[in-house]
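Step one of this worksheet: look at the structure below.
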Amino acid sequence: EEVEETYVMVKPDGVQRGLVGEIISRFEKKGFLLKGLKLFQCSKELAEEHYKDLKGKTFFPKLIDYITSGPVVCMAWEGVGVVASARKLIGATNPLQAEPGTIRGDLSVQMGRNVVHGSDSPENGKREIALWFKEGEICSWVPVQAPWLRE
Ligand code: DAT
Ligand code: MG
């Protein structure tokens with residue numbers, strides 16, 4: 001049971017479709033700790049660095065166009081097992097394969113418009129939070145509900 005951090009991002013389609021509150025709410029209700037939050041229009045360079053492992057894929061240019069097409073909402077979440085749990089809440093990459101009850105399963109239909117991102121490992125969680133947030137944009141705090149989430 002490791003305390004981890006993950007980077008979650010509402011993609012431009014999620015912002016345009018008015019799904020920001022709904023998406024933040026799912027992680028809040030689960031009981032994770034919000035440590036960073038901002039609306040942000042990212043550069044091509046930042047998007048390419050974020051998705052550097054996918055450079056060379058045929059869909060890469062379209063992916064970069066999509067991510068830079070409008071503002072995104074950047075979030076840093078902390079919690080025990082938060083990386084894998086956030087991926088479960090988000091659902092499969094292809095929304096048509098994502099289970100009902102997941103964010104992608106409930107709210108999207110196409111891989112190129114799958115509304116939300118979540119880091120795939122604790123290492124990438126740290127890497128992506130450092131990439132998208134500046135120092136001073138991350139808060140460490142203890143919510144009053146802490147004792148009611150963990151015994
Ligand atoms: P995930 O976002 O579930 O971590 P990923 O890291 O493999 O998935 O890919 C990043 C994004 O790139 C994904 O959310 C949607 C897009 N993508 C991935 N595979 C794709 C494909 N085969 N065709 C089109 N877009 C794809
Ligand atoms: Mg990924």
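All values below come from the heavy atoms of this structure, side chains included, with hydrogens, waters and symmetry mates left out. Predicted, not measured: the structure shown is a model, and the values here were computed from it. Read the numbers this way: they start at 1 and go in the same order the structure lists the ligands and their atoms.
The contact set between ligand 1 and Leu54, taken as ligand atoms under 4.0 Å from a residue heavy atom, comprises 9 (O), 10 (C). Set against the non-hydrogen atoms of Lys11, the atoms of ligand 1 under 4.0 Å away are 14 (O). For ligand 1 and Asn114, the ligand atoms under 4.0 Å from any heavy atom of the residue are 13 (C), 14 (O), 15 (C). Residue contact check: Arg87 has heavy atoms under 4.0 Å from atoms 1 (P), 3 (O), 4 (O) of ligand 1. Atoms of ligand 1 lying under 4.0 Å from any heavy atom of Tyr51, numbered from 1 in the order shown and given with element: 10 (C).
Aromatic ring pairs are classed by plane angle as parallel below 30°, tilted from 30° to 60° and perpendicular above 60°; the pair Trp132 and Tyr7 is parallel.
Although no hydrogens or angles enter the test, the distance criterion places no donor-acceptor pair under 3.5 Å between the side chain of Arg104 and the main chain of Val115. A side-chain donor-acceptor contact under 3.5 Å links Glu4 to the backbone of Val83. Under a 3.5 Å cut-off, the side chain of Arg17 and the backbone N or O of Ser108 do not form any donor-acceptor pair. Checked by atom type and distance alone, the side chain of Gln41 pairs as donor or acceptor with a backbone atom of Thr68 at under 3.5 Å.
When the heavy atoms of Thr93, Leu63, Ile64 are ranked by distance to atom 12 (O) of ligand 1, first place goes to Leu63.
Relative to the six-membered ring of Tyr66, Lys11 misses at least one condition, a distance below 6.0 Å or an angle of at most 45° to the axis.
The 12-atom threshold is not exceeded at NZ of Lys44, counting heavy atoms of other residues, nucleotides or ligands nearer than 6.0 Å.
Salt bridge annotation for Glu48-Lys52: absent, with no cationic side-chain nitrogen under 4.0 angstrom from a carboxylate oxygen.
The protein heavy-atom contact nearest to atom 19 (N) of ligand 1 is Phe59 CZ, 3.3 Å.
At under 3.5 Å, a nitrogen or oxygen of Arg104, whether backbone or side chain, sits near a nitrogen or oxygen of ligand 1.
Of the protein's heavy atoms, none falls inside 4.0 Å of atom 7 (O) of ligand 1.
Heavy atoms of Asp120 come nearer than 4.0 angstrom to ligand 1 in no pair at all. At least one heavy atom of Met111 sits less than 4.0 Å from an atom of ligand 1.
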